[in-house]
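Every chain is numbered from 1 and lettered A, B, ... according to where its sequence line falls, protein lines coming before strand lines.
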There are 2 protein chains.
Amino acid sequence: MLSEGTRSVHLYTVLLGLGFRYKLLPDGRRQILNYLLPGDLIGLQSSLMGEMQHSVEALSPMLLCVFQRSQLPELYRNYPGLAFDITWIAAREEQMLDENLLSIGRRTALERTAYLIAFVAARALAAGYSLQPKMELPLTQQHIADTLGLSLVHTNKTIRKLVERNLVRWLERGCEVVDLDGLMAVAGWEGLFEGRRPLV
Amino acid sequence: MLSEGTRSVHLYTVLLGLGFRYKLLPDGRRQILNYLLPGDLIGLQSSLMGEMQHSVEALSPMLLCVFQRSQLPELYRNYPGLAFDITWIAAREEQMLDENLLSIGRRTALERTAYLIAFVAARALAAGYSLQPKMELPLTQQHIADTLGLSLVHTNKTIRKLVERNLVRWLERGCEVVDLDGLMAVAGWEGLFEGRRPLV
DNA sequence: CGTACACTTGAGTAGGATCAATTGAAGTGG
DNA sequence: CCACTTCAATTGATCCTACTCAAGTGTACG
C-alpha cells in the first residue's frame with residue numbers, strides 16, 4: 001500500500017477497516033509496529049517531517065479521509081481544536097507503542113500473545129466493533145509473529161496453548177476472541193487507558 | 001523522579017541532562033522506553049490525557065523548562081507555531097519508538113546492543129554534545145539490559161564482544177563510544193532521520 | 001488438477017536466561 | 001584509618017525458551 005521513504009503523502013484518517021504499520025530490516029526481517037483502526041491517523045510523520053520511516057498495509061478494505069498535507073499549517077492557524085486533536089492522537093499512539101515495547105521486551109511468549117490479541121480486540125471494541133456474536137480479527141499467525149518478535153512456528157505453538165485454555169479459537173485466517181478478560185489476566189494487562197479527550 | 005499514574009503534572013521541556021522513560025510489570029520487570037535529551041518533551045501524555053502511563057528517571061542532573069498544563073489550550077489558540085512544534089516533537093518520538101520496536105523485536109543481541117549505543121550517541125550529538133575528546137554515556141549495563149529486553153548477564157557478555165571489536169570502551173558506570181560508524185554497521189542502522197522542521 | 005498459502009507438528013539446536021560466585025570501586029560509620 | 005556494606009561489572013556452568021529445519025495437512029483458486 002504505502003512504502004517507507006515515500007515523500008509528500010497526505011495525512012489520512014482511518015474511517016473504516018484494519019491495517020498495520022511495519023518496518024523491514026535489509027535482510028527481510030519484519031516488525032509490525034501497530035495496527036490501524038478507525039480514528040487513527042496515517043502519515044503524520046511524513047506530513048510533519050517529509051518522509052515516512054515505515055510502511056503501511058491493509059488487512060481489510062479501508063476507508064480513508066484524505067487531508068492535504070499543504071493545508072496543515074493553515075489548520076494549525078485556524079482550527080486549534082483540530083490541531084489539538086491531532087496532537088492528542090499522536091500522544092495516544094505513543095502510549096500504545098510504549099505498551100507494545102514493554103510487551104516485546106519483557107513479557108514471555110504466552111503473555112505477549114495473550115496481550116496482543118486482547119489489545120487488538122480492546123481497540124476494536126473501542127472503535128465501535130462488537131464482540132457479539134463473535135469478534136474475529138483478520139490476522140494471520142505470521143502477522144502475530146511479526147508483531148511479537150517471535151518465529152512463526154513458536155507463535156503457532158503458543159496460540160495452541162491459548163486455544164487449549166479456551167481463551168481464543170482459531171479460524172481460517174483469523175482468530176476469534178472467546179474470553180477477553182482471561183486473555184488480559186494471562187497477559188497481566190490492565191486494558192486500554194483512554195483519558196477523556198479535553199476540549200479546546 | 002516522576003511515577004506512573006501521576007496526575008496533573010506539567011509539561012516540561014528538557015534543556016540539559018539525560019533521563020529515561022520506563023514502564024514496570026507488576027512483578028518488577030522493567031522496560032526502558034526511550035531516553036530523554038535536550039529538546040525532548042516530558043509529560044505530553046499526561047498533559048493531554050490526564051495521566052502518565054510510564055515513569056521518568058534522571059541519569060544526570062536535568063534542567064527542565066516548565067509549562068503550565070492549563071495553558072496548553074491557550075497555546076494552541078494563540079501560538080499555532082508552537083503547537084505545531086509540539087506535534088512535531090511527538091511525531092519524532094513516535095519515530096524513535098518505531099525504531100526501538102524494530103530493534104527489540106527483530107535484531108539479535110549484538111545488533112541490538114550496537115544499535116542502542118549508536119542511537120543514544122547519535123542523539124547526544126544531535127543535541128549538541130560532542131564526541132571529542134570522548135563521548136561518555138552515563139548508563140549502567142542494567143539500563144542497557146532493560147532497554148534491550150535482555151538479561152544483565154547476557155548484556156554484559158554482548159558488550160564485551162563490542163569492546164573486543166574496539167567499537168566501545170567500558171568505564172566505571174558508563175560507556176565510551178570509540179567507533180560510531182562501526183556500531184552503526186554492526187546494527188545495520190542508517191542513523192537518525194531528521195526531516196527539516198517546517199515553519200508554520 | 002496443480003499450485004499457493006496458511007496452519008500444524010516433530011526433532012534437533014542455539015541463543016539467551018538463570019544461578020552462583022568473585023572482583024573492585026566507593027561510600028559510611030566507628 | 002579500617003571493617004563493613006553496597007553497587008556495578010565480570011565470568012563460568014547449566015538450563016530452557018524459542019529458533020531452525022523439515023515434512024505434512026487442509027483449503028482456496030485459476
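- Residues passing the side-chain hydrogen bond (donor to acceptor under 3.5 Å, both in side chains) test with B:D146 are A:R106, B:R30, B:Q142, sequence neighbours excluded.
- For residues 112-127 of chain B, every residue pair satisfying the salt bridge (Lys or Arg N to Asp or Glu O under 4.0 Å) rule, not counting sequence neighbours, is listed here: B:D40-B:R123.
- Annotation: side-chain hydrogen bond (donor to acceptor under 3.5 Å, both in side chains) contacts of A:E94 (sequence neighbours excluded): B:Q45.
- The CZ atom of B:F20 sits 11.5 Å away from atom NE2 of B:H54, with the distance rounded to the nearest 0.5 Å.
- Listed by chain and residue number, B:R107 satisfy the side-chain hydrogen bond (donor to acceptor under 3.5 Å, both in side chains) test with B:S103 (two or more places apart in sequence, or in another chain).
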Just list the side-chain donor-acceptor pairs under 3.5 Å for residues 154-162 of chain B, sequence neighbours left out, or say none.
from   : atom 1 : to     : atom 2 : distance (Å)
B:T155 : OG1    : B:S151 : O      : 2.7
B:N156 : ND2    : B:Q141 : OE1    : 2.8
B:T158 : OG1    : B:H154 : O      : 2.7

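- Evaluation of the side-chain contact (heavy atoms from CB on, under 4.5 Å) rule for A:A127 yields A:L37, A:P38, A:Y129 as partners, not counting sequence neighbours.
- Rounded to the nearest 0.5 Å, atoms CG (B:L25) and CG (A:L102) are 5.0 Å apart.
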Return a table of donor-acceptor pairs under 3.5 angstrom between the side chains of residues 179-187 of chain A and protein atoms on other chains or two or more places apart.
from   : atom 1 : to     : atom 2 : distance (Å)
A:D179 : OD1    : A:D181 : N      : 3.3
A:D179 : OD1    : A:G182 : N      : 2.7

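- If you check residues 148-157 of chain A against DNA chain C, the residues with a heavy atom closer than 4.0 Å are A:V153, A:N156, A:K157, listed by number.
- Straight-line distance from the NZ atom of B:K161 to the C1' atom of D:dT11: 14 Å, rounded to whole Å.
- In this structure, B:L48 is a member of the same hydrophobic cluster as B:W88, with clusters built from ILVMFWY side-chain heavy atoms closer than 4.5 Å.
- Atom CD of A:Q141 is separated from atom C1' of D:dC19 by 16 Å (rounded to the nearest Å).
- When DNA chain C is scanned in the 5' to 3' direction for atoms under 4.0 Å from non-hydrogen atoms of chain A, the outermost contacting nucleotides are C:dA6 to C:dA11.
- Ring-plane geometry between B:F119 and B:W189 is classed as perpendicular, the angle between the planes exceeding 60 degrees on a 0 to 90 degree scale with a lower cut at 30.
- DNA chain C lies under 4.0 Å from no heavy atom of any residue of residues 103-116 of chain A.
- Taking the screw axis at each terminus of the helix from C:dC1-D:dG30 to C:dG30-D:dC1 from five consecutive base pairs, the angle between the two is 30° to within rounding of 10 degrees.
- By the side-chain hydrogen bond (donor to acceptor under 3.5 Å, both in side chains) test, B:R29 is found to be paired with A:E111, B:D27, residues two or more places apart in sequence or in another chain being considered.
- No hydrogens or angles considered: a donor-acceptor pair under 3.5 Å links the side chains of A:E93 and A:N34.
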